[in-house]
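One structure is given below, encoded as structure tokens.
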Number of protein chains: 2
Amino acid sequence: MAQQRARAVTQRGLAELAGVSVATVSRVLGSPPDQRHRWAAPETVRTILALAEDHGYTRNPHAASLRTARSNLVGVMVPRLQDFVLATIYEGIEEAAMENGINTYVMNSLDDTALQRTRTRAMIDRRVDGLIFGDAHLDDTFLDELREQGVPLVLTSRRREGHVSVTCDDYLGGRLVAEHLLELGRTDVVVLAGLEFASTAYDRTRGLIDRLAEAGVEVPENHLIYRGFDTAAGRQAMGEILEAGIRPNAVFATNDFAAIGALGVLQDHGFSVPNDVALIGYNDTPLAESVGIPMTTIRSKMHLMGREALLTLLALIAGKEVSSQKLEPELIVRASSAVSVRGTR
Amino acid sequence: MAQQRARAVTQRGLAELAGVSVATVSRVLGSPPDQRHRWAAPETVRTILALAEDHGYTRNPHAASLRTARSNLVGVMVPRLQDFVLATIYEGIEEAAMENGINTYVMNSLDDTALQRTRTRAMIDRRVDGLIFGDAHLDDTFLDELREQGVPLVLTSRRREGHVSVTCDDYLGGRLVAEHLLELGRTDVVVLAGLEFASTAYDRTRGLIDRLAEAGVEVPENHLIYRGFDTAAGRQAMGEILEAGIRPNAVFATNDFAAIGALGVLQDHGFSVPNDVALIGYNDTPLAESVGIPMTTIRSKMHLMGREALLTLLALIAGKEVSSQKLEPELIVRASSAVSVRGTR
DNA sequence: GAAGTCTACGAAATCGATTGCCGTAAACGA
DNA sequence: TCGTTTACGGCAATCGATTTCGTAGACTTC
């Protein structure tokens with residue numbers, strides 16, 4: 001039989017050993033180092049700290065949460081962790097959470113509104129202090145209802161009118177792509193836009209369209225196709241476009257993975273990238289650089305986004321005034337659009 | 001000011017409303033439906049259930065955990081959720097957990113032994129009932145120490161001698177690749193093996209080598225290179241191999257992403273895949289099929305692996321006898337190795 | 001030197017749920 | 001008829017930490 005896990009010491013145990021009351025132990029152990037002396041004599045503080053150390057004391061979070069009605073837990077809902085982008089944002093969240101003594105639950109909603117609801121409920125039932133959503137839908141009021149109920153929440157990756165969010169300035173990202181295309185003179189563009197209910201898809205597309213319009217270029221309705229953000233969706237969308245007889249000289253995918261899927265299809269059909277078709281992705285995931293033809297893309301600060309989202313949520317929980325934040329995107333030009341009359345940089 | 005979140009009802013509240021004691025409420029609400037009548041009259045049961053429903057009662061898990069010393073929480077440690085494989089395994093874990101009323105914490109250890117320790121500690125401090133590790137190292141005794149302390153734990157993805165694990169039969173996977181190469185007559189193989197301390201890398205490589213040895217083929221020491229599992233590592237490894245003047249007619253990467261990285265490098269150097277070099281990956285991630293040249297790979301049951309890992313952990317926590325499990329791998333032949341004298345597959 | 005002001009703690013009430021131990025009745029067995 | 005189950009459910013102790021009152025003594029202050 002394996003050695004039984006030693007019964008953990010509690011504050012009561014430490015109190016008895018130190019000859020003080022649990023109240024004192026609680027106060028000493030619960031205060032930040034520079035505040036401890038406010039509660040006990042230096043000698044007492046030292047004794048308690050030493051005992052805690054020796055006996056490997058760790059606070060029982062359930063007991064603490066029961067008393068304080070504060071769990072130091074936040075829930076994170078993402079469409080899918082398989083998505084590199086969300087996994088990276090989550091890393092940022094996790095990092096900032098650890099730094100602040102917070103733990104996180106993550107769940108995949110698969111962008112399914114039913115799952116979104118049941119899993120959010122599961123988190124609330126677990127008494128999280130607040131929630132971060134990476135799967136906001138433009139066309140669903142679930143989040144509004146939640147806020148009505150007074151649940152502290154912050155959005156990230158995708159925004160939604162009326163909610164605090166930390167996102168990439170996707171509209172600007174779209175504009176950057178448009179400007180790049182204008183410079184290249186490749187304005188007969190097809191947009192593999194992602195999912196219609198995601199603000200990322202919407203804003204990136206809108207930014208592109210608006211900027212092109214300012215230059216007098218119209219993007220026809222049938223050049224926009226919404227199929228999803230992953231590789232399979234990119235293949236699908238690109239395939240449909242070609243099948244419809246559309247022959248663009250540029251393709252903008254609102255996600256690198258979709259772009260990679262599109263790349264495969266384009267090559268299968270004998271199109272050269274970038275000579276026949278310039279290809280641009282979004283997010284600057286590692287694959288963008290490593291795939292056969294290094295891909296032009298928009299770099300977004302995913303990790304930072306996660307960090308800021310968590311920090312914002314913490315501020316919100318603390319009752320502070322918080323506001324939305326848009327992180328700046330950056331255009332990264334690579335071979336997949338290296339067709340400019342200027343050098344290939 | 002947003003509407004204040006209504007103070008949640010507690011069992012005490014329900015008890016008062018129903019005119020019974022909290023003990024009865026607790027028993028009725030805590031028993032499985034078919035056991036409820038053992039504790040209260042049908043009428044009472046109905047009243048309590050109705051009141052709970054009406055007032056949206058949800059059990060306070062902190063209070064319950066405090067009392068029972070059981071949290072219904074399990075911790076999951078993965079090297080990195082950015083890795084599609086681990087993200088998928090986690091989805092399986094999450095799914096099975098939800099079905100069993102269990103919640104999960106996930107954390108990234110980044111395969112850093114220090115992070116591994118501190119984050120595991122953070123989970124234990126949170127009083128998880130058990131842990132699943134997806135980042136076991138062959139050369140580190142951390143997990144052994146943990147088990148000594150009586151912490152219930154199960155490994156997945158990677159195994160480690162002396163621990164219960166749910167993995168893919170990686171050794172067999174390696175053998176399958178070897179057999180495929182023997183059939184193709186492409187036995188001058190380079191192995192981009194991944195990380196040396198990971199059993200996945202070790203077993204897949206060993207399986208390949210052993211099977212080739214049985215056929216009288218030796219894999220020279222310098223044809224094995226350990227650089228990591230991701231795309232960047234694949235690029236790096238492949239680059240070094242070529243720089244060393246090695247010119248294999250087949251490359252086996254123990255991970256699809258590394259394979260994709262290698263593919264890029266091979267093409268950059270003017271090698272044709274599969275004509276000059278056959279390329280084989282591992283895991284059958286969606287990208288394997290979608291990337292320029294559809295890739296031969298080994299399919300592993302990642303989602304199922306996660307499910308089984310969780311179920312195994314639950315059994316372990318329940319005090320049952322559990323044993324390791326190896327899921328069967330399957331060879332998926334695609335264009336990247338379609339060079340057989342037989343038809344293309 | 002009387003009245004504040006600190007300092008350093010302690011007592012005890014909570015937080016919400018679980019559970020072992022009992023008590024009371026009605027039903028049952030022989 | 002009387003002892004024994006069985007059904008139904010209350011009492012009260014706990015789990016471990018936090019926090020509101022207090023209090024006793026030391027120190028100031030005018």
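When reading the values below, keep in mind they use all heavy atoms of this one structure, side chains included, and skip hydrogens, waters and symmetry mates. Chain letters run A, B, ... following the sequence lines, proteins first, then strands; residues in each count from 1.
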Whether [Y] and [X] form a salt bridge (side-chain N of Lys/Arg under 4.0 Å from carboxylate O of Asp/Glu) is what I want to check.
X: B:Asp111; Y: B:Arg158; value: yes
X: B:Asp112; Y: B:Arg117; value: no
X: A:Arg59; Y: B:Asp125; value: no
X: A:Glu94; Y: B:Arg119; value: yes
X: B:Arg160; Y: B:Asp144; value: yes

Phosphate-side-chain proximity, [X] and [N], N/O vs OP1/OP2 below 4.0 Å:
X: B:Ser21; N: D:dG10; value: yes
X: A:Thr44; N: C:dC9; value: yes
X: A:Arg12; N: D:dC15; value: yes

Would you jot down, in residue-number order, the residues of residues 54-66 of chain A having a non-hydrogen atom under 4.0 Å from DNA chain C?
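Nucleic-acid contacts, sorted: A:Leu66.
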
Nearest whole Å is fine: how far is [N] [atom2] from [X] [atom1]?
X: A:Arg126; N: C:dA17; atom1: CZ; atom2: C1'; result: 14 Å
X: B:Arg46; N: D:dG9; atom1: CZ; atom2: P; result: 12 Å
X: A:Glu43; N: C:dA8; atom1: CD; atom2: P; result: 12 Å
X: A:Arg70; N: D:dT18; atom1: CZ; atom2: P; result: 13 Å
X: B:Asp125; N: D:dA17; atom1: CG; atom2: P; result: 12 Å
X: A:Gln35; N: C:dT7; atom1: CD; atom2: P; result: 13 Å
X: A:Arg38; N: C:dT7; atom1: CZ; atom2: C1'; result: 10 Å
X: A:Ile48; N: D:dA17; atom1: CD1; atom2: P; result: 13 Å

With distance as the sole criterion, is a donor-acceptor pair present between the side chains of B:Gln116 and B:Thr120 under 3.5 Å?
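Judged by distance alone, the side chains do not pair up.
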
Contact summary for B:Arg36 and B:Val28, nearest pair of heavy atoms:
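Nearest heavy atoms, B:Arg36 then B:Val28: CD-O, 3.1 Å.
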
Smallest separation among heavy atoms of B:Asn72 and B:Gly101, with atom names:
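Nearest pair, atom of B:Asn72 first, then B:Gly101: CB-O, 4.0 Å.
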
With a 4.0 Å cut-off on heavy atoms, is B:Gly13 in touch with a base, just the backbone sugar-phosphate, or nothing at all?
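Touches nothing.
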
Would you classify A:Val20 as touching base, sugar-phosphate or nothing, given that sugar-phosphate means primed atoms plus P, OP1 and OP2, and contacts are heavy atoms under 4.0 Å?
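Sugar-phosphate: the residue A:Val20, judged by heavy atoms under 4.0 Å, touches backbone atoms but no base.
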
Considering only nitrogen or oxygen atoms on both sides, find all protein atoms under 3.5 Å from nucleotides 19-23 of chain C and state each distance.
| from | atom 1 | to | atom 2 | distance (Å) |
| --- | --- | --- | --- | --- |
| C:dG20 | O6 | B:Arg27 | NH2 | 2.6 |

Which residues share a side-chain contact (heavy atoms from CB on, under 4.5 Å) with A:Glu99, sequence neighbours left out:
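In terms of side-chain contact (heavy atoms from CB on, under 4.5 Å), with neighbours along the sequence ignored, A:Glu99 is linked to A:Glu95, A:Arg307.
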
